[in-house]
Amino acid sequence: MEETIPPMESGNLHDYEVACKEFAWASVDKEFDWSKGSIYNVAYEAIDRHAKNWRRNKIALYSVRADGVVDKHTFGEMSELTSRFASGLLKLGAKKGDRIFVYLDRTPELYISMIGVTKMGGIVGPLFSALGHDAVKDRALDAGANIIITSPYLYERIIPVLDDLIDLKKIVIVGDTEGMCDRCVKFEDVLASGDPEYQAENMAPTDPYIIHYTSGSTGKPKGVLLGHRAMPQQLITSKWVLDLREDDTYWCTADPGWVTGTSYGIFGPWYLGTSIVSYEGRFDARTWYSLLERFKITVWYTAPTALRMLMRAGDELVKEFNFSKLRHVCSVGEPLNAEVIRWAMRTMNKRIHDTWWQTETGAHIICNYPAMTIRPGSMGRPIPGVIAGVVDEEGNEAPPGTEGYLAIRPGWPSMMLGVWRNTPKFREYFEVPGWYISGDLAYRDEDGYFWFLGRADDVIKTSGERLGPFEVESALIEHYAVAEAGVIGKPDELRGEIVKAFITLRPGNEPSEDLKEDITKFVKTRLAYYAYPREIDFVDSLPKTRSGKIMRRVLKAKELGQPVGDLSTLDD
Ligand code: WT7
């Protein structure tokens with residue numbers, strides 16, 4: 001018999017089948033103050049609304065520093081701080097629609113900035129603090145960033161590119177600004193200059209509140225715009241999928257530099273008035289378990305690579321901690337192995353609920369729900385109110401068990417509004433009539449469960465981070481010794497995939513371990529610490545098409561010992 005994990009006894013979504021038939025999006029609107037005539041703004045609904053009711057003194061944020069010290073902020077405090085920050089930004093000269101980047105570690109200032117910027121109608125651009133100066137430059141230049149909010153050590157890191165950022169007017173520094181450029185202002189001073197009573201700017205549903213840079217198989221990362229209209233979908237999925245309830249303490253391990261860390265690390269849970277925990281430090285099995293125990297986390301959203309690392313840390317370690325408060329666990333970002341699901345059942349007696357979605361979808365699309373049977377290895381079924389399918393190139397739905405493109409019927413509330421200054425890229429998602437094409441390959445079983453098969457393109461997923469080979473290749477060829485580079489994702493048991501680079505050298509350079517190390521360091525500091533090739537092969541030439549494009553497909557097939565397929569366009 002096929003392996004399944006029985007449903008939990010209760011869940012916010014009681015009956016999936018019934019909800020699919022009866023659910024209407026308009027029913028979610030009632031949960032927002034704007035349906036009663038108040039301001040329309042994500043920041044208002046996430047924070048200010050709660051500051052006006054009994055949640056005023058409820059903890060909105062437990063921010064755990066890397067050294068373990070905790071800062072707590074209530075919804076009331078967050079409302080005041082973010083109003084101050086929003087109006088302080090306006091006094092600095094910021095305007096509605098400005099792109100304001102937040103390049104900070106997970107500290108309270110990061111959350112104050114995210115809410116503060118959206119409150120004054122800005123488009124917030126969160127940047128993961130692991131990004132290097134070239135990655136920041138690419139994004140800030142593309143978006144025409146007007147302001148960057150950062151900290152002294154991250155400011156130091158981007159000094160080499162600051163002069164290139166022609167639209168940048170101010171740099172807000174969390175900390176001391178001594179010796180910094182004259183565009184620099186103190187975060188503290190922006191707060192002090194602001195009005196604690198400032199009211200959120202009234203926005204339109206199709207106004208963007210956030211720009212998330214994400215990778216495709218060609219070109220540099222593109223700016224995906226999500227709109228204020230994403231609210232209903234982020235709220236209802238926080239209820240149905242994360243199963244959040246009033247007395248929960250919730251921990252999303254994703255950084256707000258990625259969409260999981262904003263849709264479900266900030267906005268969705270806060271629309272419901274949930275207390276969230278944020279941890280500044282990096283992954284460490286013992287620390288993570290102790291955070292779950294110490295904060296009595298009830299709902300936990302994390303990623304397969306982290307779960308595999310925990311699994312690797314051993315069953316004995318699990319036994320040292322008390323997870324009796326943990327009620328619900330979800331995973332996202334890469335395929336969740338059936339083995340990991342079995343491990344969590346065995347060691348913690350917890351079901352792990354896989355969820356599938358993308359930066360571009362803005363919120364959950366295909367998920368497992370508490371009150372539904374889990375089929376380990378399957379991503380689950382579409383959320384009520386959204387239609388997903390597996391289709392061929394013409395848009396015809398594939399029969400059960402047949403591979404095809406994972407697609408969605410356009411028009412779900414949190415669908416991206418567009419790609420910043422790149423309409424052709426946006427259109428590419430809609431080339432199959434009647435569908436949004438995700439770039440993933442999947443099949444659906446007889447009962448409508450979706451199963452992930454892989455990417456239809458060259459996009460790499462390493463430890464859940466989405467990386468385009470082009471970005472890595474571009475960084476590599478800027479190294480003095482590198483002539484050409486071809487980059488692929490190589491399957492890896494722990495990280496899902498690792499970045500592997502094939503490199504030809506410029507005349508006068510010899511392959512060596514030292515050179516590999518130097519190239520690795522070069523990519524880490526310029527692009528991002530996770531984006532470097534963990535494997536480098538020096539080769540004499542790269543397979544190319546007659547028009548000179550590197551055939552990554554051939555590199556990958558050779559690496560994996562698979563047939564290389566059609567080589568008719570290969571140059572030699
Ligand atoms: C890509 C989107 C928004 C969530 C975080 C990632 C892969 C995502 C799953 C899953 C297998 C998954 C897909 C997708 N992916 N979730 N449950 N099982 N693969 O967002 O960085 O925009 O990446 O992540 O390939 O297209 P993202």
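Positions are given from 1, in the same order as the sequence printed here.
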**Item:** Flag if over 12 foreign heavy atoms under 6.0 Å of NZ, Lys325
**Value:** no
**Asked** Is a side-chain donor or acceptor of Thr298 paired with a backbone partner of Thr249 at a separation under 3.5 angstrom?
**Response** yes
**Message:** Can you confirm whether the side chains of Asp48 and Ser79 place a donor and an acceptor under 3.5 Å from each other?
**Reply:** yes
**Message:** As an exercise, state the distance from OG of Ser263 to OH of Tyr301, rounded to the nearest 0.5 Å.
**Reply:** 9.0 Å
**Asked** Are Ser129 and Tyr103 close enough that a side-chain donor and a side-chain acceptor fall under 3.5 Å?
**Response** no
**Item:** Atom CG of Leu317 with >12 non-hydrogen neighbours under 6.0 angstrom
**Value:** yes
**Request:** For side chain to side chain donor-acceptor pair (under 3.5 Å), just list the numbers for Thr262 and His212, CA-CA rounded to whole Å, side-chain angles, deciding distance to a tenth of an Å, and then say yes or no.
**Result:** CA-CA 10 Å; Thr262 61; His212 271 296; 2.8 Å; yes
**Message:** If I take atom CD1 from residue Ile276 and atom NE2 from residue His73, how far apart are they, to the nearest 0.5 angstrom?
**Reply:** 11.5 Å
**Request:** State whether the side chain of Ser378 and the backbone N or O of Gly380 hold a donor-acceptor pair below 3.5 Å, judged by distance alone.
**Result:** yes
**Item:** Side-chain H-bond candidate by donor/acceptor type, Arg495 with Thr305, under 3.5 Å
**Value:** no
**Request:** Give a yes or no answer on whether the side chain of Thr107 reaches the backbone of Asp105 with a donor-acceptor pair at less than 3.5 Å.
**Result:** yes
**Asked** Donor-acceptor pair, Asp29 side chain versus Pro232 backbone, under 3.5 Å?
**Response** no
**Prompt:** Any Lys/Arg nitrogen of Arg455 or Asp457 sitting under 4.0 Å from an Asp/Glu carboxylate oxygen of the other?
**Reply:** yes
**Request:** Verify the neighbour count for atom NZ of Lys296: are there more than 12 heavy atoms of other residues, nucleotides or ligands below 6.0 Å?
**Result:** no
**Prompt:** Is any NZ, NE, NH1 or NH2 atom of the basic residue among Glu246 and Arg55 found under 4.0 Å from an Asp or Glu carboxylate oxygen of the other?
**Reply:** yes
**Message:** We want to know whether Ser438 and Tyr429 form a side-chain donor-acceptor pair, criterion being a heavy-atom distance below 3.5 angstrom.
**Reply:** no
**Asked** Once you round to the nearest 0.5 Å, how far does CH2 of Trp54 lie from CZ of Phe75?
**Response** 9.0 Å
**Asked** When you measure from the centre of the six-membered ring of Tyr449, is the NZ or CZ of Arg375 under 6.0 Å away and within 45° of the axis?
**Response** yes
**Message:** Just so I know, are the side chains of Leu417 and Phe426 near enough to count as touching, which here means a heavy-atom distance under 4.5 Å?
**Reply:** no
**Asked** Do Trp258 and Glu465 get their side chains close enough for a donor-acceptor pair, meaning under 3.5 Å?
**Response** yes
**Prompt:** If we ignore angles and hydrogens, is there a donor and acceptor under 3.5 Å between the side chains of Glu393 and Tyr405?
**Reply:** yes
**Prompt:** Just checking, is any N or O donor in the side chain of Tyr264 or Thr237 under 3.5 Å from an acceptor N or O on the other one?
**Reply:** yes
**Message:** Hydrogens and angles aside, do Ser83 and Lys119 bring a side-chain donor and acceptor to less than 3.5 Å of each other?
**Reply:** yes
**Prompt:** So which heavy atom on Ile498 is nearest to which on Thr462, and how close?
**Reply:** CA-OG1, 4.1 Å
**Message:** Tell me whether Glu339 is salt-bridged to Arg346, with the criterion being a basic N under 4.0 Å from an acidic carboxylate O.
**Reply:** no
**Asked** Checking Asp248 side chain against Val299 main chain: does a donor-acceptor pair fall under 3.5 Å?
**Response** no
**Prompt:** Are Pro370 and Leu13 close enough that some pair of their side-chain heavy atoms sits under 4.5 Å apart?
**Reply:** no
**Test: Arg444 and Glu397 ion pair at under 4.0 Å** = yes
**Item:** Atom pair CD1 (Ile341) and CD1 (Ile374), whose distance is rounded to the nearest 0.5 Å
**Value:** 6.0 Å
**Over 12 foreign heavy atoms within 6.0 Å of CD, Glu493** = no
**Message:** Has Asn422 got a side-chain atom pairing as donor or acceptor with Lys222's backbone, closer than 3.5 angstrom?
**Reply:** no
**Request:** Apply salt bridge (charged side-chain N to carboxylate O under 4.0 Å, His left out) to the pair Glu3 and Arg342, showing each step before the final yes or no.
**Result:** CA-CA 10 Å; Glu3 176 191 12; Arg342 281 181 222 121; 2.8 Å; yes
**Asked** Do Tyr436 and Gln358 have a side chain donor and acceptor closer than 3.5 Å?
**Response** yes
**Asked** Would you say the side-chain atoms of Arg308 pair up with the backbone N or O of Leu494, donor to acceptor, closer than 3.5 Å?
**Response** yes
**Prompt:** Checking Asn41 side chain against Glu201 main chain: does a donor-acceptor pair fall under 3.5 Å?
**Reply:** yes
**Message:** Looking at Val391, is its backbone amide N or carbonyl O close enough to the side chain of Trp435 to form a donor-acceptor pair, meaning the two atoms are under 3.5 Å apart?
**Reply:** no
**Item:** Electrostatic pair Glu280-Arg65, nearest N-O below 4.0 angstrom
**Value:** no
**Request:** Would you sort out whether Arg327 and Asp243 count as a salt bridge (charged side-chain N to carboxylate O under 4.0 Å, His left out), showing the intermediate values?
**Result:** CA-CA 9 Å; Arg327 188 185 84 241; Asp243 205 47; 3.3 Å; yes
**Request:** Please confirm whether the backbone N or O of Ala363 pairs with a side-chain atom of Gln234, one donor and one acceptor, at under 3.5 Å?
**Result:** no
**Request:** Taking the six-membered ring for Trp and the single ring otherwise, decide whether the centroids of Phe323 and His328 are under 6.0 Å apart.
**Result:** no
